Amino acid sequence: MRPQLIIECGGRVLSALLVTADGELVPCSQEIRQVATRYVSADVLFEPRVIQDRDFIWRDALETLSKSSAADFFQRARRIGLRRPWDAQASVGALQLRSPWTVLSSPAALTDRVAGSILPGVGLALLDALLDAAFAFVTERGYLPGDVDPVIVLPAQTGSRARLVVRKLVRRRGFRGLTIVRREIAAAMSLANRRPCTCIVVETSETDLHLYRVEIDGDARRPRFRTTVSATIPGLGWNHWSAQIAWALGTSPSAAFERSLTTLLSGSPDSLPQSLTHGVLQRVLDATWMSAHSVRERLQEHLDRLGGEKLPMILAGEIFMIDAVRRLFGSSTTVAPAIDHLLRNVAAAMRSPFLVAAGGSLRVNTLHGEAVELLAFPQLPAPGEAGLVDSDFRLGGDCAAGTPLLVQLQWGADQAPEGNTTLCAVPLELRGQEHLRLSVHLRRTNSGRRLNGTLEVRMPPDVVVGRARFAEELEMER
């Protein structure tokens with residue numbers, strides 16, 4: 001067995017685990033403020049006051065960052081107001097930036113020419129700096145990167161451009177290959193020994209709550225994991241719970257409070273107020289608070305669609321480390337989370353072959369809170385074959401002539417756009433038209449594991465007004 005470096009960077013905290021050739025699990029750590037720290041906040045803060053300088057130019061700043069090394073990235077970044085949470089210069093009013101994989105996966109980043117030319121380089125430099133300690137831990141333990149298999153856990157919504165940047169980073173660091181595991185699959189791996197079985201994985205993003213129905217089958221030599229259905233509950237993400245907890249404590253919701261909450265749950269070094277402790281949370285978030293913040297009714301309708309009322313439920317995410325929040329979602333079959341349980345799940349699964357199969361479908365974001373299905377998975381071209389899908393749409397709403405529209409092609413198993421991966425996007429300027437046609441040209445590789453395609457947007461009388469390419473992995477075998 002080759003050594004493995006497993007990194008989880010899909011939540012609020014970065015954590016990593018080195019699995020040696022003899023199966024020993026060695027948690028990666030880094031020294032911050034002269035303290036060896038296992039769990040590090042993934043947050044990057046921004047001081048907005050720096051852009052008030054009339055000499056500040058965003059493009060120049062981003063180009064400077066893209067040329068930075070991991071060692072000096074945050075030192076250079078201080079000049080444009082970027083901070084880590086434990087940075088002494090980080091003010092209470094500092095804003096939290098969105099994660100690089102979220103930004104790189106956004107539809108706007110896929111269509112903006114300036115962003116398309118600069119963001120991948122900036123994202124690569126930022127990720128390199130964020131993960132530098134984990135990579136350095138490998139060499140400190142006496143391993144060469146080429147002798148270690150890297151595994152990175154990412155959210156299901158991470159797009160192909162973000163995954164490409166991660167792969168490029170890993171190659172630059174000297175690793176020979178990379179396995180990317182979706183976060184809900186990593187959580188479900190805790191039940192691999194109970195196959196065949198089905199479970200519900202619940203996790204939070206920054207703004208939303210995501211539920212996944214994951215089926216585990218296959219034989220004893222190679223289990224198979226597949227997400228068959230997913231659902232998104234808008235507004236129940238990390239920001240919501242952080243705000244509700246702040247109000248319960250008599251504090252106004254703010255980025256500073258979110259930093260403190262992350263520090264408490266992870267032990268990540270930061271300026272943690274002495275008044276915020278697990279004991280205080282347990283006392284304030286009592287039965288009355290839980291009754292006032294019950295999510296059972298909103299959760300039930302989605303569980304009915306996922307068929308998950310009596311299925312095992314796995315909670316993934318730092319917010320579920322709070323007992324009161326966990327109990328709002330819990331049941332007798334709930335698996336209580338630990339902050340590094342995803343890493344250990346993956347480490348156990350990597351000891352033998354496994355397969356992750358796609359269970360989603362080709363979808364279009366209607367821009368009205370729904371992702372409609374264009375092509376179900378069984379309707380995809382067979383391995384080695386190609387196909388064409390034409391779909392006509394009517395434009396509705398208050399769309400004046402000249403109004404920009406972003407046509408988004410997605411892949412996933414969620415009726416809500418926020419729960420799917422955006423494959424590509426085409427900017428479209430409306431000129432009073434009422435109809436458009438989407439033509440999707442598909443080709444599946446001979447192995448059947450990859451889907452390549454081109455989206456064409458047509459307007460009457462059958463004029464191509466936009467085109468974009470995409471690719472999606474349908475199957476991952478380890």
Side-chain angles (χ1 to χ4, degrees), residues 9-14 32 39-66 68 73-109 112 114-115 118-119 121-131 155 157-158 162 204-208 234-247 249 251-266 268-273 276 317-319 418:
C9 47
R12 307 281 303 190
V13 176
L14 296 173
I32 299 175
Y39 312 115
V40 180
S41 172
D43 293 349
V44 177
L45 309 177
F46 173 64
E47 299 286 356
R49 62 176 180 270
V50 300
I51 64 175
Q52 297 173 1
D53 190 330
R54 60 184 179 183
D55 295 328
F56 182 85
I57 302 175
W58 268 112
R59 188 183 183 95
D60 292 347
L62 293 176
E63 288 181 349
T64 299
L65 291 183
S66 65
S68 303
F73 181 90
F74 284 108
Q75 182 177 357
R76 289 192 176 197
R78 289 194 183 102
R79 304 171 189 170
I80 63 169
L82 297 189
R83 307 280 189 268
R84 296 309 306 272
W86 54 86
D87 193 322
Q89 296 180 346
S91 70
V92 175
L95 305 176
Q96 179 186 324
L97 296 182
R98 305 196 74 179
S99 68
W101 36 89
T102 299
V103 173
L104 289 170
S105 302
S106 67
D112 188 287
V114 175
I118 296 179
L119 277 181
V122 175
L124 179 66
L126 178 54
L127 282 173
D128 196 16
L130 288 172
L131 302 181
Q157 298 79 26
T158 305
T204 57
S205 62
E206 184 177 349
T207 57
D208 306 317
L236 283 185
W238 168 275
N239 292 347
H240 168 82
W241 296 110
S242 175
Q244 299 305 317
I245 293 169
W247 283 322
L249 293 171
T251 303
S252 299
S254 64
F257 178 79
E258 290 189 6
R259 288 162 48 191
S260 299
L261 188 59
T262 301
T263 299
L264 174 66
L265 300 181
S266 66
S268 181
D270 195 359
S271 53
L272 177 67
L276 186 59
E318 293 79 14
I319 199 66
E418 297 81 6

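Nothing here was measured: the structure is a model prediction, and the numbers come from that model.
Side-chain N or O atoms of Asp208 include one that pairs as donor or acceptor with a backbone N or O of Gly235 at under 3.5 Å. A donor-acceptor contact shorter than 3.5 Å links the side chain of Trp241 to the backbone of Leu236. Remark: the backbone N or O of Val103 is paired with a side-chain donor or acceptor of Ser106 at under 3.5 angstrom. Not one N or O on the side chain of Ser105 forms a donor-acceptor pair closer than 3.5 Å with the backbone of Thr102. Judged by distance alone, with hydrogens and angles left aside, the side-chain atoms of Ser260 form a donor-acceptor pair with the main-chain N or O of Ala256 at under 3.5 Å. Between the side chain of Gln96 and the backbone N or O of Leu45, no donor-acceptor pair lies under 3.5 Å.
You'll find the side chain of Leu261 reaches within 4.5 Å of the side chain of Ile319, heavy atoms only. Using a 4.5 Å cut-off on side-chain heavy atoms (C-beta onward), Leu82 and Phe46 make contact. The shortest distance between side-chain heavy atoms of Trp101 and Leu127 falls below 4.5 Å. Side chains of Asn239 and Glu258 form a contact here, defined as non-hydrogen atoms less than 4.5 Å apart. Looking at Asp128 and Leu124, their side chains never come closer than 4.5 Å, going by heavy atoms from C-beta outward. Put simply, the side chain of Phe257 reaches to within 4.5 Å of the side chain of Ile245, judged on heavy atoms. Taking the side chain as every heavy atom from C-beta outward, Thr251 and Leu276 never approach each other to under 4.5 Å. Residues Tyr39 and Leu265 fail the side-chain proximity criterion, which asks for heavy atoms closer than 4.5 Å.
Under the 6.0 Å distance and 45° angle rule, Arg83 does not count as a cation-pi partner of Phe74.
By the 4.0 Å N-to-carboxylate-O rule, Glu47 lies too far from Arg78 to be salt-bridged with it. Between Asp43 and Arg12 a salt bridge is recorded (basic side-chain N to carboxylate O distance below 4.0 Å).
Taking every heavy atom of both residues into account, Thr204 and Gly237 meet most closely at CB-CA, 4.2 Å. When all heavy atoms of Ala42 and Leu14 are compared, the closest pair comes out as CB-CG, 3.7 Å. In terms of heavy-atom proximity, Pro85 sits nearest to Ser41 at CG-OG, 3.5 Å.
With rounding to the nearest 0.5 angstrom, the CG atom of Leu130 is 8.5 Å from the SG atom of Cys9.
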| task | Could you go through the side-chain contact (heavy atoms from CB on, under 4.5 Å) check for Glu206 and Arg98 one step at a time? | result | CA-CA 9 Å; Glu206 184 177 349; Arg98 305 196 74 179; 3.6 Å; yes
Query raised in the report: Could you go step by step and tell me if Val40 and Val13 meet the side-chain contact (heavy atoms from CB on, under 4.5 Å) rule?
Result: CA-CA 5 Å; Val40 180; Val13 176; 5.7 Å; no
